[in-house]
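Reviewing the structure listed below.
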Protein chains: 2
Amino acid sequence: MATMTAAQRREQARVAYDAFLRDCPTNQLLARLSDKWVSLVVAALAAHDGPMRYSDLGRRIAGVSQKMLTQTLRALERDGIVGRTVTPSVPVRVDYELTELGRSLSGLLVAVKEWAEAHMDEVAVARDRYDQETAAV
Amino acid sequence: MATMTAAQRREQARVAYDAFLRDCPTNQLLARLSDKWVSLVVAALAAHDGPMRYSDLGRRIAGVSQKMLTQTLRALERDGIVGRTVTPSVPVRVDYELTELGRSLSGLLVAVKEWAEAHMDEVAVARDRYDQETAAV
DNA sequence: CAGTATCCTTCATGATACTG
DNA sequence: CAGTATCATGAAGGATACTG
């Protein structure tokens with residue numbers, strides 16, 4: 001190893017990183033779940049009894065763009081977490097709802113969201129103290 | 001305000017801290033928590049009894065760069081979720097551990113991480129089916 | 001209504017090098 | 001050991017316009 005060139009070390013690092021990704025699909029899944037829009041979409045669907053329409057979700061989740069909403073819903077549909085039902089009326093009607101798999105997840109994500117809501121004050125206090133101490137130095 | 005009932009005050013607090021609302025501080029906090037590195041750092045600290053050193057964390061979390069590890073730890077320290085202890089020896093020793101607040105959160109994030117580990121197979125199957133159906137069209 | 005397509009900007013991340 | 005500093009780049013995300 002001591003005779004490795006920098007290029008060889010870089011190559012080995014790259015391969016090791018790729019291997020890590022390949023052998024650990026769980027990390028990719030965790031990265032998907034660790035997404036603000038995913039949390040909000042799943043929480044919105046969990047909070048609402050029955051299916052929600054595309055525009056309902058857009059209205060409920062203030063600040064989400066059409067692009068991100070569609071993108072997030074597609075990813076969640078692909079992962080089997082939400083179901084999508086198209087009613088070919090005029091105009092078209094599309095409903096989204098959590099699947100069985102999605103419901104097994106939603107409680108966990110909702111808990112994180114509610115933790116954020118419940119502990120916002122404590123975090124704000126901690127930030128103020130940190131900023132004070134940091135500025136003092 | 002003096003005529004507000006406790007229920008009304010709670011309701012107002014709930015609305016004010018609704019994570020679904022844009023520009024709500026809770027929304028920003030949720031975005032912070034919805035971070036792959038945050039999940040992994042908190043999970044690593046939660047899994048390990050007692051404090052962990054910077055290099056321990058770097059080794060445990062494969063694929064994290066120094067920059068992201070430091071950045072994540074600083075943010076978590078600022079938010080009062082992890083504590084940082086410097087021992088001015090030579091060489092310097094720095095230990096990180098979850099605070100009380102951090103422990104109240106860690107269980108939730110660990111649950112999400114374990115959900116990802118437990119349901120990876122189902123998600124993989126769902127993806128295959130989705131890709132099949134999509135390609136068929 | 002429920003998207004798609006495109007452009008464009010900023011921001012997050014990684015690689016690299018340096019330090020008390 | 002535990003960082004900090006700097007740079008480069010790709011990708012995330014928003015704005016806008018269009019469509020079946």
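A, B, ... follow the sequence lines: proteins, then strands. Residue 1 opens every chain.
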Whole-Å gap separating [atom2] ([N]) and [atom1] ([X]):
X: B:K36; N: C:dA12; atom1: NZ; atom2: C1'; answer: 13 Å
X: A:L73; N: C:dT4; atom1: CG; atom2: C1'; answer: 15 Å
X: A:R74; N: C:dA2; atom1: CZ; atom2: C1'; answer: 9 Å
X: A:M68; N: C:dT4; atom1: CE; atom2: C1'; answer: 15 Å
X: A:Q28; N: D:dA11; atom1: CD; atom2: P; answer: 14 Å
X: A:W37; N: D:dG13; atom1: CH2; atom2: P; answer: 8 Å
X: A:R84; N: C:dA2; atom1: CZ; atom2: P; answer: 10 Å
X: A:D35; N: D:dA12; atom1: CG; atom2: C1'; answer: 10 Å

Worksheet entry | Flag if over 12 foreign heavy atoms under 6.0 Å of CZ, A:R127 |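 Buried by this count: over 12 neighbours within 6.0 Å.
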Worksheet item: Does the side chain of A:N27 come under 3.5 Å of the side chain of B:K36 through a donor N or O and an acceptor N or O?
Response: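 Absent: no donor and acceptor within the cut-off.
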At what distance, to the nearest 0.5 angstrom, does [atom1] of [X] lie from [atom2] of [Y]?
X: B:R53; Y: B:T85; atom1: CZ; atom2: OG1; value: 12.0 Å
X: B:E114; Y: B:L109; atom1: CD; atom2: CG; value: 11.5 Å
X: A:M120; Y: B:T26; atom1: CE; atom2: OG1; value: 6.0 Å
X: A:L76; Y: A:T99; atom1: CG; atom2: OG1; value: 9.5 Å

Of the listed nucleotides [options], the one nearest the side chain of [X]:
X: B:Q66; options: D:dG13, D:dT4, C:dA2; answer: D:dT4
X: A:P91; options: C:dC1, D:dT4, C:dT13; answer: C:dC1
X: B:S65; options: C:dG14, C:dC7, C:dT4; answer: C:dG14
X: A:V92; options: D:dA2, D:dT6, C:dA2; answer: C:dA2

Worksheet item: Got a sec? Which of residues 45-58 of chain B come in under 4.0 Å of DNA chain D, heavy atoms?
Response: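 When residues 45-58 of chain B is checked for heavy atoms under 4.0 Å from DNA chain D, the hits, listed by number, are B:R53, B:Y54, B:S55.
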Worksheet item: Are A:D95 and A:R84 close enough for a salt bridge, meaning some N to O gap below 4.0 Å?
Response: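 Between A:R84 and A:D95 there is no salt bridge, as every charged N stays at least 4.0 Å from the carboxylate O atoms.
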Worksheet entry | Mate of C:dC18 where both pairing distances stay under 3.5 Å, Watson-Crick or G-U |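 In the structure as shown, C:dC18 has D:dG3 as its Watson-Crick or wobble partner.
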Worksheet item: Given C:dC1, is OP1 or OP2 found less than 4.0 Å from the side-chain N or O atoms of A:Y96?
Response: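 No.
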